[in-house]
Amino acid sequence: MSVFWGCSKSDKPATQIVAKVNGDEITVHQVNNAVSKIPNVTPENVNAVRKEVLDKLINQQLAVQQAEKNKIDRSPEVMMMMDAAKREILTKAYLSQVVSNLPQPSEKEVAKFYDEHPELFAQRRIYKLQEIVIPTKDAPVSEIRQVATSKPMDDVVAWLKSKSLHFNTSGATRAAEQISLPLLSQIAPMKDGETKLIESPEAITVVHLVSSEVAPVDKETAMQRIPRFLANEEAKTAINQDLQRLKSSAKIVYLNEFKDMPQQTADSSAAESSPPAVKTTDKTEDASINVEKGISGL
């Protein structure tokens with residue numbers, strides 16, 4: 001079993017081969033691929049970088065050869081790691097294909113998003129928050145609502161403990177773009193010192209806005225960032241829809257400790273089998289179409 005990213009001794013045009021390591025070939029394409037992932041490469045330093053990259057590829061190939069000689073590539077742990085790496089690479093390649101032909105957002109869509117979300121731009125704030133998250137299951141919602149809206153956060157925590165309810169607490173300072181849009185729409189109207197109860201099918205969240213700081217983003221900057229953000233959101237939707245299509249037509253059988261999970265067959269409806277949530281950031285910064293973010297949710 002050979003390491004799948006290693007070099008082989010296949011016939012290649014002589015112009016592609018830049019080095020041979022005990023007969024294993026390293027090609028110019030491998031060098032170029034490695035160089036493309038290095039930041040700050042300039043015309044002035046590119047030759048030195050390429051030589052350094054080639055030296056690293058040679059060292060890597062020597063290590064690969066010794067690993068195969070010692071049959072390290074056949075150990076269960078290494079085989080699982082290689083399989084996981086292969087699955088991730090293929091997943092990324094497939095999802096890249098799914099989103100490759102998506103249209104870019106129009107100027108009208110960009111302008112609409114800007115107008116509809118002043119909390120991200122003209123009215124952007126940085127929020128200092130305290131949160132208590134209580135799983136919805138078996139939670140006395142009406143009692144929690146009464147306590148949460150009438151008592152300080154410390155008293156709410158004490159009350160939850162007295163009722164032996166499960167909950168998690170957290171505190172953080174977050175900019176508007178670091179908060180999911182659905183949650184931000186609830187937090188943005190809040191005033192400093194205000195506490196709000198936010199309910200969802202999964203959890204009840206008590207949010208206390210300790211303080212906030214106005215930090216607007218000018219329109220020119222916003223209009224540069226929004227297209228990348230909208231493209232990312234479109235990519236997330238496309239990936240989710242494709243995974244739902246694949247999952248709804250697949251036969252998935254859970255076994256052993258997972259045998260009590262609902263079985264999935266090709267006849268199951270999409271409504272009975274939602275795809276895994278694909279997580280993408282709601283940040284308007286650095287939001288170019290990024291399949292890595294989609295993969296992180298798989």
Task: Contact check, side chains of Arg225 and Glu177, non-hydrogen atoms, under 4.5 Å - done: no
TODO: Quick one: do Phe167 and Val157 satisfy side-chain contact (heavy atoms from CB on, under 4.5 Å)? Show the steps, please.
DONE: CA-CA 9 Å; Phe167 64 93; Val157 169; 3.8 Å; yes
Task: All salt bridge (charged side-chain N to carboxylate O under 4.0 Å, His left out) counterparts of Glu194, not counting sequence neighbours - done: none
TODO: Locate the shortest heavy-atom distance separating Ala188 from Glu119; write the atom from each residue and the value.
DONE: CB-CB, 3.8 Å
- [ ] Keeping to residues at least two apart or across chains, list the salt bridge (charged side-chain N to carboxylate O under 4.0 Å, His left out) pairs with something in residues 51-62.
- [x] Glu52-Lys56
TODO: Give a yes or no on whether the backbone of Val217 and the side-chain of Thr221 come within a donor-acceptor separation of less than 3.5 Å.
DONE: no
Open item on the list: Please identify which of these residues, His29, Gln30, Lys37, meets the side chain to side chain contact (heavy atoms under 4.5 Å, CB included) condition with Asn33.
Closed with: Lys37
- [ ] Nearest 0.5 Å please: distance from the CG atom of Leu57 over to the CG atom of Asp24.
- [x] 12.5 Å
Open item on the list: Determine whether Ile239 and Glu234 satisfy the following criterion, side-chain contact (heavy atoms from CB on, under 4.5 Å), listing intermediate values before the conclusion.
Closed with: CA-CA 9 Å; Ile239 289 171; Glu234 185 67 22; over 6 Å; no
- [ ] Using the rule that two of Ile, Leu, Val, Met, Phe, Trp, Tyr join whenever any of their side-chain heavy atoms come within less than 4.5 Å, decide whether Val28 and Leu54 are in one cluster.
- [x] yes
Open item on the list: What I'd like to find out is whether the side chain of Leu165 reaches to under 4.5 Å of the side chain of Pro140, using heavy atoms alone.
Closed with: yes
- [ ] Can you see which heavy atom on Val110 is nearest to which on Met223, and at what distance?
- [x] CG1-CE, 3.7 Å
Open item on the list: On a heavy-atom basis, which atom in Val53 and which in Ala34 lie closest, and how many Å separate them?
Closed with: CG1-CB, 3.5 Å
Task: Closest approach of Leu230 to Pro105 (non-hydrogen atoms, all atoms of both residues) - done: CB-CG, 3.7 Å
Task: Carboxylate-amine/guanidinium contact Glu68 Arg74, below 4.0 Å - done: no
Open item on the list: Can you tell me if Gln97 has over 12 outside heavy atoms packed within less than 6.0 Å of its CD?
Closed with: no
TODO: Using distance alone, with no hydrogens and no angle criterion, decide if Glu44 and Thr42 have a side-chain donor and acceptor under 3.5 Å apart.
DONE: yes
Open item on the list: Restricting to non-hydrogen atoms, name the atom on Gln104 and the atom on Ala231 that form the minimum distance, rounded to 0.1 Å.
Closed with: OE1-CB, 4.4 Å
Open item on the list: Restricting to side chain to side chain contact (heavy atoms under 4.5 Å, CB included), what partner residues turn up for Thr173, sequence neighbours left out?
Closed with: Ile126, Lys128
- [ ] Verify the ring-centre separation between His117 and Phe121: is it less than 6.0 angstrom?
- [x] no
Task: Verdict with supporting geometry, Ile132 and Asn168, side-chain contact (heavy atoms from CB on, under 4.5 Å) - done: CA-CA 6 Å; Ile132 305 172; Asn168 292 308; over 6 Å; no
TODO: Give a yes or no answer on whether the side chain of Asn70 reaches the backbone of Ile72 with a donor-acceptor pair at less than 3.5 Å.
DONE: no
- [ ] State, yes or no, whether a side-chain contact exists between Met153 and Val206 at a heavy-atom distance under 4.5 Å.
- [x] yes
TODO: Check side chain to side chain contact (heavy atoms under 4.5 Å, CB included) between Asp242 and all other residues, then give those that pass, not counting sequence neighbours.
DONE: Tyr94, Val98, Arg245, Leu246
Open item on the list: Less than 4.0 angstrom from a charged side-chain N to a carboxylate O is my criterion; do Glu199 and Arg145 meet it?
Closed with: yes
TODO: Answer whether the closest heavy-atom distance between the side chains of Leu160 and Val147 falls below 4.5 Å.
DONE: no
TODO: Specify the closest pair of heavy atoms between Leu102 and Ala235, including all atoms of both residues, with the distance to one decimal.
DONE: CD1-CA, 3.7 Å
TODO: Kindly compute the distance separating CG (Leu243) from OG (Ser248), expressed to the nearest 0.5 Å.
DONE: 10.5 Å
Task: Atom CD of Gln186: over 12 foreign heavy atoms under 6.0 Å - done: yes
Open item on the list: With no hydrogens and no angle check, just 3.5 Å: does a side-chain donor-acceptor pair link Asn240 and Lys236?
Closed with: no
Open item on the list: Quick one, Met79 and Pro76 - any side-chain contact, counting heavy atoms below 4.5 Å?
Closed with: no
Open item on the list: Pairing donors with acceptors under 3.5 angstrom, does anything connect the side chains of Ser212 and Asp192?
Closed with: yes
Open item on the list: Do Ile134 and His166 have side chains that approach each other closer than 4.5 Å (heavy atoms only, starting at C-beta)?
Closed with: no
TODO: Check whether any side-chain heavy atom of Leu120 lies under 4.5 Å from a side-chain heavy atom of Phe113, and answer yes or no.
DONE: yes
TODO: Drop me the distance from His208's NE2 to Leu197's CG, to the nearest 0.5 angstrom.
DONE: 14.0 Å
TODO: Could you pull out all residues at least two apart from Val41 that satisfy side chain to side chain contact (heavy atoms under 4.5 Å, CB included)?
DONE: Val35, Ile38, Asn45, Val46, Val49
Task: Val207 with Ile144, same ILVMFWY side-chain cluster at under 4.5 Å - done: no
Task: Note, Tyr127 side chain near Gln178 side chain (heavy atom, < 4.5 Å) - done: no
Open item on the list: Just verifying a value: how many Å separate Gln61 CD and Gln65 CD, rounded to the nearest 0.5 Å?
Closed with: 5.0 Å
TODO: Take atom CD of Glu77 as the centre, draw a 6.0 Å sphere, and report whether it contains more than 12 heavy atoms from other residues, nucleotides or ligands.
DONE: no
TODO: Name all residues meeting the salt bridge (charged side-chain N to carboxylate O under 4.0 Å, His left out) criterion together with Arg87; count only those two or more places apart in sequence or in a different chain, and write none if there are none.
DONE: none
Open item on the list: Could you check whether Lys196 pairs with Glu131 (Lys NZ or Arg NE/NH1/NH2 to Asp/Glu carboxylate O, under 4.0 Å)?
Closed with: no
- [ ] Working to the nearest 0.5 Å, report the span between CG of Leu184 and CZ of Arg125.
- [x] 9.0 Å
Task: Worked check of side-chain contact (heavy atoms from CB on, under 4.5 Å) between Val210 and Leu129 - done: CA-CA 6 Å; Val210 179; Leu129 300 167; over 6 Å; no
Task: Nearest-0.5 Å distance, NZ of residue Lys259 to CD of residue Glu257 - done: 11.0 Å
